[in-house]
Amino acid sequence: FKQMSVILKSAAAALRDSVQFSSTQERMDFHKTIKDYERQGDRLVFSILDELGTTFITPFDREDIHQLTSSIDDVLDGINSSAKRIAIYNPRPIGESGKKLCNILYRCSELIELSMDELETFRKNPTKLSAYCKELHDLENEGDDIYESFMIRLFEEEKDGIELIKIKEIMQELERTTDAAERVGKVLKNIIVKYA
């Protein structure tokens, strides 16, 4: 889980950095980097699930391990999907709302990494892990607000239909990825309820 969270944070950092650039080549380069992280994550998922099938005693329920693995992988997949859309659609420079969503995703990745550090000790004191889950929830709400305000402005102000579709698709994927990050927090909250 720790390794997955480190890969996730690296991918989120690359996505955050990628939206500062508007050249096609730079966007393609960032997507290639993020795709490499996503593949590393996939290899870890297979490794975790393989170990899950062969290990007799696990630190917590197999179902919880599977859900946590899948939920972290979903965030990584969403980051990759967002970067792919930016590279393929190559819209005009990403605006402030897109940059804010990328910053939120990066903060979510930091919280997920911190949460993985807590997995070994949360049974004695779940306070930190609970706080990280709450912040993931709050960040998802903040992401929703940014996304909704942006969409209202987009449909009022954007006159180029093709550009509107490109930007709308990218922003939807970024927002969906913040939802995926919140789901990691929900899985962790369920683990806290069961074991703390």
Side-chain angles (χ1 to χ4, degrees), residues 1-17 33-34 36-83 99-147 173-196:
F1 289 130
K2 181 64 177 172
Q3 286 176 307
M4 277 190 79
S5 69
V6 168
I7 291 168
L8 175 63
K9 190 167 117 179
S10 299
L15 180 66
R16 179 195 60 190
D17 295 345
T33 300
I34 291 168
D36 288 343
Y37 287 129
E38 193 263 341
R39 287 183 176 145
Q40 289 175 38
D42 283 346
R43 283 193 292 274
L44 272 174
V45 168
F46 291 131
S47 173
I48 290 169
L49 296 181
D50 187 49
E51 283 185 41
L52 195 55
T54 58
T55 303
F56 184 67
I57 299 174
T58 57
F60 39 91
D61 280 351
R62 293 175 194 287
E63 182 184 325
D64 294 325
I65 292 171
H66 185 272
Q67 283 186 340
L68 186 55
T69 304
S70 297
S71 64
I72 295 171
D73 187 49
D74 288 345
V75 182
L76 192 51
D77 289 344
I79 288 171
N80 179 56
S81 183
S82 298
K99 290 175 183 175
K100 285 179 185 175
L101 284 177
C102 288
N103 285 330
I104 285 173
L105 282 172
Y106 180 73
R107 178 61 186 149
C108 288
S109 74
E110 288 181 318
L111 290 166
I112 290 168
E113 183 182 35
L114 290 167
S115 296
M116 297 308 103
D117 291 336
E118 291 297 310
L119 279 182
E120 288 185 40
T121 59
F122 81 94
R123 291 174 200 235
K124 293 177 188 155
N125 185 359
T127 308
K128 278 187 186 177
L129 188 56
S130 293
Y132 299 149
C133 294
K134 182 183 181 328
E135 191 173 346
L136 283 166
H137 172 75
D138 293 345
L139 285 168
E140 190 273 335
N141 285 339
E142 185 181 338
D144 282 349
D145 292 344
I146 291 167
Y147 172 75
E173 193 60 25
L174 289 170
E175 193 277 330
R176 274 194 291 262
T177 307
T178 64
D179 292 345
E182 184 194 24
R183 278 193 296 280
V184 174
K186 288 179 177 176
V187 172
L188 290 168
K189 277 179 8 186
N190 286 339
I191 292 171
I192 291 169
V193 168
K194 284 184 182 179
Y195 300 101

Check: Is there a donor-acceptor contact under 3.5 Å from the side chain of S47 to the main chain of R43?
Finding: no
Next item on the list: Would you name the heavy atoms of R107 and L139 that are closest together and state the gap between them?
Entry: CG-CD1, 3.5 Å
Margin query: I want to check something: taking the side chain as every heavy atom from C-beta on, are I104 and I146 in contact at a cut-off of under 4.5 Å?
Written below: yes
Check: Is there side-chain contact between I72 and L76, with at least one heavy-atom pair below 4.5 Å?
Finding: no
Notebook entry, point to check: Closest heavy-atom contact between V187 and D64?
Noted result: CG1-O, 4.3 Å
Notebook entry, point to check: So does K134 pair up with D138, basic N to acidic O under 4.0 Å?
Noted result: yes
Margin query: Looking at every non-hydrogen atom in both residues, tell me the closest pair between M4 and D73 and how far apart they are.
Written below: CE-N, 3.8 Å
Note to self: For the NZ atom of K128 and the CG atom of L111, what is their distance to the nearest 0.5 Å?
What the structure shows: 13.0 Å
Check: Are side-chain N/O atoms of D61 and Y195 paired as donor and acceptor at under 3.5 Å?
Finding: yes
Next item on the list: Could you tell me whether the side chain of I112 reaches within less than 4.5 Å of the side chain of L136, counting heavy atoms only?
Entry: yes
Checklist line | A11 versus I79, closest heavy-atom pair with distance | finding: O-CG2, 3.7 Å
Notebook entry, point to check: Within a strict 4.5 Å, meaning less than it, do heavy atoms of the K194 and N190 side chains meet?
Noted result: no
Note to self: Would you compute the distance between atom CG of N103 and atom SG of C108 and round it to the nearest 0.5 angstrom?
What the structure shows: 11.0 Å
Note to self: Between E118 and L114, is there a side-chain heavy-atom distance shorter than 4.5 Å?
What the structure shows: no
Margin query: A quick test of your reading: do over 12 heavy atoms of other residues, nucleotides or ligands sit less than 6.0 Å from CZ of F46?
Written below: no
Margin query: Using every non-hydrogen atom in the two residues, find where I192 and P126 come nearest and quote the distance to one decimal.
Written below: CG2-CB, 3.9 Å
Notebook entry, point to check: Charged N to carboxylate O below 4.0 Å: is that the case for E142 and K100?
Noted result: no
Notebook entry, point to check: Do H66 and L49 touch side chain to side chain, with heavy atoms closer than 4.5 Å?
Noted result: yes
Next item on the list: For A83 and I34, work out which heavy atoms get closest and say how close.
Entry: CB-CD1, 3.5 Å
Notebook entry, point to check: Taking side chain as C-beta onward, heavy atoms only, is F122 less than 4.5 Å from L188?
Noted result: no
Next item on the list: Mark yes or no for whether R176, through its side chain, and G78, through its backbone, hold a donor-acceptor pair below 3.5 Å.
Entry: no
Check: Can any side-chain N or O of S5 pair as donor or acceptor with the backbone N or O of K2 at less than 3.5 Å?
Finding: yes
Item checked: Pairwise side-chain contact, D42 with D77, heavy-atom cut-off 4.5 Å (strictly under) -> yes
